[in-house]
Structures are given as structure tokens and as C-alpha cells.
Amino acid sequence: MDGGKKRHRVPLTGKDSMKLTHTDLNLLLEHPFQISRGTQTVAENVLVTLEHGDIVGLGEAAPSGYYGESQATVHTVLDHLSGELGSDPFELDAILDRLDHAIRLHPSAKAAIDLALHDLMGKRLGIPLYAMYGLSAGGTPLTSFTIGIDTPQMMAQKAAAASRYHILKVKVGTPHDRENLAAIRAVTNATIRVDANAAWSAKEAVRAIDELSEFDLEFVEQPVAAADLDGLQYVREHVRIPVICDESCVVPSDIPRIVGRVDGINIKLVKCGGVRRAYQMIQTARSFGLRVMMGCMVESSILITAAAHLSPLLDYADLDGNLLLAADPYSGAIVEHGRLQLPSAPGLGVAYRS
Ligand code: MG
């Protein structure tokens, strides 16, 4: 009851509008990273800073050509969106709605802004992002470490070198999957999940998963093409392990149409548009009884840490994109005994490694 009086928010730092800057963030990989549709040696990402009064929020875009983005499109879109930010980072939902009205798609550019807004809010409040969402830093899951496609010897060598992770995610979808998995299984007792990145037809997928079942797989990710929802369902009905979709489920509105066809979804900040949209996807997926995983692209600790803050809500985490880098320019969440550990500093809690 407020007696009909209008409430007024006290401005945080006057009417300073938020100032957005963005620069290339080129991240070299330690080893070339191969999946079923291509090989990557450098991640051409974009660093975003959002200045508000005396505080700077950090964000990152990891554009993917598969979803129609590049470093160049991110810069163009960020310039286009810079006038939509206003002067109060706490108007998060209204700002994100304005971005969506200003331009469709371009989720990785929008995610970079969303991250910087969350970083600003947390720094202004003096609390870490996970606390803003009511989560406990003690509830983080194990993360998998990804083994890209290579020779069986190299894949086994990488699996052996990754012995501090309890879960390996192995990329499949090649004619040599069986040899690759056999070589890896010979050197590790870790839990193994596989990701085909849409490489198979539904029937090929069932055959391949059946053939790989002796290696004790936890689940299979995206066995068939993104648009092949009937194929996903066919695979789910014919294999004994859970089917998780990634490329088939990008934004919240994709969720209802995959219900009943898969066991869970893999959410990525740069596919859905950032922390806020990812949180909405988690809630929506849960309401349909789906399992929830969060994954990543090749990213610095900025994006990885942002995702890690939501990880107490997950069944499965695959937040290792920073671990594949030759040198990560930022520090943030770390992995200890295979488990994600969240920073307690305000906001994202990431810092430049000087
Ligand atoms: Mg995937």
C-alpha cells in the first residue's frame, strides 16, 4: 500500500548513460580443435566494456559462423545497439527487450552486453553474480573436459593428460569413432559423454551409439541435424542413453518443440543471448521436465565464469572453453578436482591477468 503515491527510484550515479566499447579478443588455442564440421585454431572473440560512473563491467562475445555471426557482425551490431542502453544497468530486462526489438538474432553480441550489465550490477551491489540469482557457490557441478577429433593416439594422449577431470566429452561423428573411443577408454576410467555435432542421420546415430556402447557412455549430444527433430526422437526411442540437444535448441522459444524428443538441452550464453536468457531457458526447460546442461564455445574466462555462476542449477556442465586456450587473458572461475569453483569477487569476478 503506498497511498497512491508514485514511487521514485533514487538514481545510482546521476544520469550518466552507460558507455560501451568493444575490441577484438583473438584467443589462440593450445591445440587445433576439431569437431565433426571443422577445425579451429583461433577464437575470434570480442571484448566488451561498459562504463557506468566509476565502475566498468566486462563482457565477451564468442561469435560462431554456424549461427551467422563473426567478429565483424558483432562490432557492427554493438555499434547499432550502443544507443539502447540507457543509464541504469538495473533495468536489465527492459534493456534486453530493447536490444531484441532493435535487431533480431545476433545472440553473441547481445550476450556480451548482458554479461557487462550483470558485472555492473554485481559490482554496484558488492555481491557475486551467483548471489544475485540466489545460488550457493557450494552447489557447483563437475565440468567435463572436451577431447576434439584427432588420431586415436593423440586423443588418448589428451585424455590421459586430462586426468584431473572426472568427465570427458569426446567429439564423434567420424569414420574412426570406435578406434578413438577404444584408445581413450584404454587410458581412463572417467565418465565419457559424446557429441556428434549433428554429424549423423537418425539411423546412423542409432548404429554408431550401439557400436560405442561398450565404452560406457553417459549421454550423446546432438546426434542428428539441428532441424531433424523427428530424427532426435527416433534416436531417443532407439538408444539406451540420454539424448541431449545443442544445435536444435538455441533460444527459449525452441524448447516446447523439442519436448518429448530429447532428454535435455545444452544451453550456451552466446546462443541464447546471455545470463538472463540462459536463466529463463533453465526455468522453462525444468517446467517441461528436461535435464539441463550448459556448454560453451572457445572462450576466455569472462564468458566461462558468467556461465559458471549459473552452474549450481545444472545437471551437466561443459564449461571448459578457456582450458583449451594457449593463454587465457582473464582469470575467474577455476576447476578444482574436476569441479567448478566460483570467484567471490563482486559481479562476474573476473580480472585481467597482467
Ligand atoms: Mg555440442
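Everything numeric here is computed off the predicted structure, so don't read it as measured data. Both ligands and their constituent atoms are indexed starting at 1 by order of listing.
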Name whichever N, O or S atom of [X] ends up nearest to the Mg ion (ligand 1).
{"X": "D246", "result": "OD2"}
{"X": "D195", "result": "OD2"}
{"X": "E221", "result": "OE2"}

Quiz item: So does R277 pair up with D114, basic N to acidic O under 4.0 Å?
Solution: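 So R277 does not pair with D114 through a salt bridge.
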Quiz item: How far apart are the C-alpha atoms of K268 and D318, what are their side-chain angles, what is the distance that settles it, and do they pass the salt bridge (charged side-chain N to carboxylate O under 4.0 Å, His left out) test?
Solution: CA-CA 10 Å; K268 294 177 184 165; D318 176 36; over 6 Å; no
Exercise. Classify the angle between the aromatic ring planes of Y130 and H309 as parallel (below 30°), tilted (30 to 60°) or perpendicular (above 60°).
Key: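 Because their plane-to-plane angle is under 30°, the rings of Y130 and H309 count as parallel.
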Quiz item: Does Y66 have R37 sitting over its ring (NZ/CZ under 6.0 Å from centre, angle to axis within 45°)?
Solution: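 Pair R37/Y66 counts as cation-pi.
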